[in-house]
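Below is one structure, written out as structure tokens, with a few remarks after it.
Note that the structure is a prediction, hence the values are computed from the model and not measured. Each chain gets a letter, A, B and so on, in the order its sequence line appears, and its residues count up from 1.
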Protein chains: 2
Amino acid sequence: MRRDVFQAIADPTRRAIITLIALQAMTPNAIAENFHTTRQAISKHLRILTECEVVKQEQRGREIYYQLEAGKLKEMDIWIEQFRKIWEAKFDQLDKVLSTMKKQKK
Amino acid sequence: MRRDVFQAIADPTRRAIITLIALQAMTPNAIAENFHTTRQAISKHLRILTECEVVKQEQRGREIYYQLEAGKLKEMDIWIEQFRKIWEAKFDQLDKVLSTMKKQKK
DNA sequence: TATTTGAGAAACCGATTGGTTGCAAATATA
DNA sequence: TATATTTGCAACCAATCGGTTTCTCAAATA
């Protein structure tokens, strides 16, 4: 199955997992404690995140620590980049309007 | 149905539509010409994009022009923002490693 | 007025999703 | 060694997705 970062972060649970493990790596069990689903459901999400390389595994004994691969999120950032100019331009226009209003007030 | 921006951009066709109409508003027919699907399928995507407020309609006679609401994409940008520090930190570390290697070479 | 054109809505379809329960394998511990 | 713990995997299920075809409606045009 072909997956990408955009699909990976489409699910709210997956986004929550990403935020959760952003600062320190965690095991599936520890992660699952933070959600109202079964451990297996979390395991599935982790599999998807791993396939998309948004997350990295590190085996330690029988435990597996999942760690965020923040760099992969940069791909999204690059896609959004092209639209940043547009919404910033919009705000520039708003600035102009606001400063015009200010001048008129004076 | 509860939808959000993240679901909106999860589909590649939808992302392509967004890029397509970023610079100028377009009608469903005009948009559909750029894809290998029916106009109705595009119409469905436009409905989802409209529900998520990523896109705005402007009726002109019997034609409807779809226009990008770039500001909505900013929501995603804000979510990614929190991870930007992390991947930038990673690259800072890489910089250190590289400069150390450079010094050793000298 | 009759006809063509642009667009959304509805019904349907196969594939995918996110969840569940039950199981098997490997490691840790008594 | 026997048992408990951590994890992934398979099978199943209802809901949703992305697509199609068919239909209706409103606006433009002959």
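One atom, CG of Leu46(B), and another, P of dC17(D), lie 16 Å apart when rounded to the nearest Å.
Backbone-only engagement by Tyr66(B) is indicated by non-hydrogen atom pairs under 4.0 Å involving sugar-phosphate atoms exclusively.
With hydrogens and angles ignored, no donor-acceptor pair closer than 3.5 Å exists between the side chain of Lys44(A) and the base of dG8(D). Residue side chain Arg39(B) reaches the base of dG8(C) through a donor-acceptor N/O pair under 3.5 Å, judged by distance alone.
Ranking dT17(C), dG18(C), dT21(D) by closeness to the Arg14(A) side chain, first place goes to dG18(C). When the nucleotides dT21(C), dG18(D), dT22(D) are ranked by their closest atom to the side chain of Gln40(B), dT22(D) comes out on top. Distance from the side chain of Thr13(A) is smallest to dG19(C) among dC17(D), dG19(C), dT20(D). Between dG18(C), dG8(C), dA7(C), one nucleotide has an atom nearer to the side chain of Gln57(B) than all others, and that is dG8(C). Side-chain proximity of Arg47(A) to dT7(D), dG18(D), dC9(D): nearest is dC9(D).
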Which pairs, protein N/O on one side and nucleotides 25-28 of chain C N/O on the other, fall under 3.5 Å?
residue	atom	partner	partner atom	Å
dT27(C)	O3'	Arg62(A)	N	3.4
dT27(C)	O2	Arg62(A)	NH1	2.9

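Between Tyr65(A) and Gln57(A), the side chains place no donor N or O within less than 3.5 Å of an acceptor N or O (distance only, hydrogens not considered).
Ion pairing between a basic and an acidic side chain is recognised when a charged N comes within 4.0 Å of a carboxylate O; Asp4(A) and Arg15(B) show such pairing. A salt bridge does not link Lys44(A) to Asp11(A): none of the charged side-chain nitrogens sits closer than 4.0 Å to a carboxylate oxygen. Checked for salt-bridge contact, Glu63(B) and Arg60(B) miss the test: no charged N lies under 4.0 Å from a carboxylate O.
Comparing the helix axis at one end of the helix from dT1(C)-dA30(D) to dA30(C)-dT1(D) with that at the other, each defined from 5 consecutive pairs, gives an inter-axis angle of 10° (nearest 10°).
The local environment of CZ in Arg47(B) is sparse, with at most 12 non-hydrogen atoms from other residues, nucleotides or ligands closer than 6.0 Å.
Atom CZ of residue Arg84(A) and atom CH2 of residue Trp79(A) lie 11.5 Å apart, to the nearest 0.5 angstrom.
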